[in-house]
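These values consider heavy atoms only, across backbone and side chains, with no hydrogens, waters or symmetry-generated copies.
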Amino acid sequence: MADNRHTSVKTPATISRDIGEKLERLRLSRNITQAELAQDAGISERTLRRLESGDNPTLDSLIRVLISLKVQQNVDLLVPDPRVRPIERVRTKGGERQRSSSTKPTKKTKQWEWGAKK
């Protein structure tokens, strides 16, 4: 049986292309031209074409297009709200975390060598 754990990991370029394709399909489903959407979003047509092709769009351009398409509320789905973690609330006694802690160093074990005594 094949191990499929890592098949869902995408590169930033792949994610950018996927988002661009979805935006293009949404624009087309609403029968909006690139010129119309670009003007409404306050960006150039070239910027919109780059966004739809996944060619390194800026966050500002993406947000402008999402607002123009009236789907900006979906941005909240990209990054989950970290405050909704009941177990963390219990650990911090109802407060929110203010700092991150560094990882604890692992205990180094002495490397075994031939002829070494037990």
Problem set entry | Test salt bridge (Lys or Arg N to Asp or Glu O under 4.0 Å) applied to D18 - qualifying residues, sequence neighbours left out | K10
Run the side chain to side chain contact (heavy atoms under 4.5 Å, CB included) test against [X] and tell me which residues pass, sequence neighbours left out.
{"X": "I67", "result": "I63, Q72"}
{"X": "S29", "result": "L26"}
{"X": "I19", "result": "I15, L23, L62"}
{"X": "S16", "result": "P57"}

Exercise. If we only count heavy atoms from C-beta on, is the V65 to I43 side-chain gap below 4.5 Å?
Worked result: yes
Side chain to side chain donor-acceptor pair (under 3.5 Å) partners for [X], two or more places apart:
{"X": "T58", "result": "S61"}
{"X": "E52", "result": "R27, Q34"}
{"X": "E36", "result": "T33"}

For this session: Name all pairs fulfilling the salt bridge (Lys or Arg N to Asp or Glu O under 4.0 Å) condition that reach into residues 63-73, sequence neighbours left out, sorted by first residue then second.
Result: D60-R64
Exercise. Just wondering, are more than 12 heavy atoms of other shown residues or ligands nearer than 6.0 Å to CZ in R46?
Worked result: no
Problem set entry | Same cluster (ILVMFWY, side-chain, under 4.5 Å), L28 and V71 | no
